[in-house]
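Input: a single structure, listed below in structure tokens.
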Amino acid sequence: MIQQRIRKFIERVILRSEKNRRRIRKLKAYRRRKLEAVRNEKKSGRKAGPENPAEAFESARKRAREKGHMQKAPQQLSQRIAPYITEIIQSLQKAGYEAYIVGGAVRDFLMDRQPKDYDLSTSATPEQIRKVFRDRRCMIIGRRFRLVHLYCGDEIIEISTFRRCPNHELQMEGRPGRCVNAPENMIFRDNEFGSSYDDAFRRDFTVNAIFYDPVHEELFDYTGFGIRDIQEHRIRIIGNATLRFEEDPVRILRALKLRGQYGFDFEPATEAALRKCMPLIVHASFARMTLELEKILKNPYGDAILNVFHEYGFLQYFLPFLEENYDTEEGVYARELFALRCERLRKGLYRDSLSLAYACLTLPFYQKE
């Protein structure tokens, strides 16, 4: 009886100490985020917001117009944007911040495709975004890359703050111990805020670096290649190709996804660097690779993407078992099932079920057993 009481007492003490450790970890993480936010505000020169919101936003548009980075968007483009997206951007602009639709959504619109989701980017910091939408459910998430999740009914809209290229010295200081063998230039934190111009040049590919303002119906192509590369179906990385792949090896996967999904061709320097840097993908985190796998399996063009992975030798890093059995009877059957499922997904006959996608790729091997 006494031993049982002692055991229960010890268990309560251990549980209490574990809860305290969790509270301390959460408090430290909160303080670290607050300190990082203060540093970013000092670097960017923005504290509570623009002194004159209207002038700050108009001056940014004027500079883009003078440098030839801005052009009028096609008239039918704004009609394809969901009204609540335009309302979100309008709210941020009224508060004095630049705000645009960015990335893959703009690329898809210019290719006459309907994007699956929207990514928004703004000059407001995560804390300032939350103040603008104080009456709505709004959460700051992320550690490596802090952004805001704004809830619109059942949909979550991601809103990021304009970034600049990270400081190399800070990257070396923040390098996790488990990543000592990672490339020297690999980025582990990406929370240094900047301007929309800075943000365009820290993105991966020119076709993903076009900003669209649905309120004023304007396109911003700061790199000067984005719209042209979409028209010519070309994948061109922004900046030094080898350096950009070393900074984030997941860009290798995304480049091959573009080729598989859209049938784009590589710009020669980009393709050469991609082949050279491909082994660096082993340094990408399992969490990010798992997320990318789920996106590919839910993608209507997932079969074409996996074929491109095999063509470039990337599949051995991504799905080694499928690569080993690619031309076996079971492997061919699995790919045929997955291709049939993707075809029906494109026709709207199936929903993007992960369970069905996994079943297509594993059933033939299970039947063999």
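Sequential numbering from 1 along the given sequence is applied to the chain's residues.
Counting only heavy atoms from C-beta outward, the side chains of His283 and Glu246 never approach each other to under 4.5 Å. Cys277 places a side-chain heavy atom less than 4.5 Å from the side chain of Ile252. Using a 4.5 Å heavy-atom threshold, the side chains of Phe193 and Asp198 count as separate. With contacts defined as side-chain heavy-atom distances shorter than 4.5 Å, the pair Leu306/Arg335 does not qualify. Between Met186 and Leu280 the shortest side-chain heavy-atom distance does not fall below 4.5 Å.
Annotation: salt bridge (Lys or Arg N to Asp or Glu O under 4.0 Å) contacts involving residues 338-349, sequence neighbours excluded, comprise Asp303-Arg346, Glu343-Lys347. The salt bridge (Lys or Arg N to Asp or Glu O under 4.0 Å) pairs that include a residue from residues 349-363 are Lys116-Asp352, where partners are two or more places apart or lie in different chains.
A donor-acceptor pair is defined here as one N or O able to donate and one able to accept, closer than 3.5 Å; such a pair exists between the side chain of Thr122 and the backbone of Glu98. With hydrogens and angles ignored, the 3.5 Å screen pairs no side-chain donor or acceptor of Glu155 with any backbone N or O of Cys152. A side-chain donor-acceptor contact under 3.5 Å links Arg244 to the backbone of Arg203. Remark: the backbone N or O of Arg236 is not paired with any side-chain donor or acceptor of Thr270 at under 3.5 angstrom. Within the 3.5 Å criterion, the main-chain N or O of Phe109 finds no donor-acceptor partner in the side chain of Tyr212.
A salt bridge does not link Asp204 to Arg251: none of the charged side-chain nitrogens sits closer than 4.0 Å to a carboxylate oxygen. Between Asp229 and Arg234 there is a salt bridge, with a side-chain nitrogen of the basic residue lying less than 4.0 Å from a carboxylate oxygen of the acidic one.
Looking at every heavy atom in both residues, Val308 comes nearest to Gly260 through CG2-CA, 3.5 Å.
Scanning for ring pair (Phe, Tyr, Trp, His ring centres under 6.0 Å) contacts around Phe220 gives Tyr100, with sequence neighbours left out. Partners of Glu218 by salt bridge (charged side-chain N to carboxylate O under 4.0 Å, His left out), not counting sequence neighbours, listed by chain and number: Arg61. Listed by chain and residue number, nothing satisfies the salt bridge (charged side-chain N to carboxylate O under 4.0 Å, His left out) test with Arg130 (two or more places apart in sequence, or in another chain). The ring pair (Phe, Tyr, Trp, His ring centres under 6.0 Å) test applied to Phe205 returns no partner, not counting sequence neighbours. A search for ring pair (Phe, Tyr, Trp, His ring centres under 6.0 Å) contacts involving Phe264 returns His233, Tyr262, not counting sequence neighbours. By the salt bridge (charged side-chain N to carboxylate O under 4.0 Å, His left out) test, Asp117 pairs with no residue at all, sequence neighbours left out. In this view, Arg80 and Asp112 satisfy the salt bridge (charged side-chain N to carboxylate O under 4.0 Å, His left out) rule, not counting sequence neighbours. By the side-chain hydrogen bond (donor to acceptor under 3.5 Å, both in side chains) test, Glu217 pairs with Ser78, sequence neighbours left out. The ring pair (Phe, Tyr, Trp, His ring centres under 6.0 Å) test applied to His310 returns Tyr326, not counting sequence neighbours.
Neither Ile281 nor Leu243 shares a network with the other; the hydrophobic side chains, linked directly or stepwise wherever heavy atoms of I, L, V, M, F, W or Y lie under 4.5 Å apart, form separate groups for each. Note: the hydrophobic cluster containing Tyr358 also contains Phe309 (ILVMFWY, side chain heavy atoms under 4.5 Å, direct or indirect links).
Side chain to side chain, Thr206 and Asn208 fail the donor-acceptor criterion of an N or O pair below 3.5 Å. Asp199 and Ser196 form no side-chain donor-acceptor contact under 3.5 Å, judged by distance and modelled atom types alone.
Within a 6.0 Å sphere centred on CE of Met111, heavy atoms belonging to other residues, nucleotides or ligands number more than 12. The neighbour count for Gln114 CD, taken as heavy atoms of other residues, nucleotides or ligands under 6.0 Å away, is above 12. The number of heavy-atom neighbours closer than 6.0 Å to OH of Tyr312, taken from other residues, nucleotides and ligands shown, is above 12.
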Checking salt bridge (charged side-chain N to carboxylate O under 4.0 Å, His left out) for the pair Glu271/Arg275: CA distance, chi angles, key distance, verdict? CA-CA 6 Å; Glu271 183 171 19; Arg275 292 185 183 276; 3.4 Å; yes
Steps toward side chain to side chain contact (heavy atoms under 4.5 Å, CB included) verdict (Arg202, Glu192): CA-CA 11 Å; Arg202 58 153 288 281; Glu192 295 185 37; over 6 Å; no
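Cluster note: Tyr301 groups with no other residue, as no ILVMFWY side-chain heavy atom lies under 4.5 Å from it.
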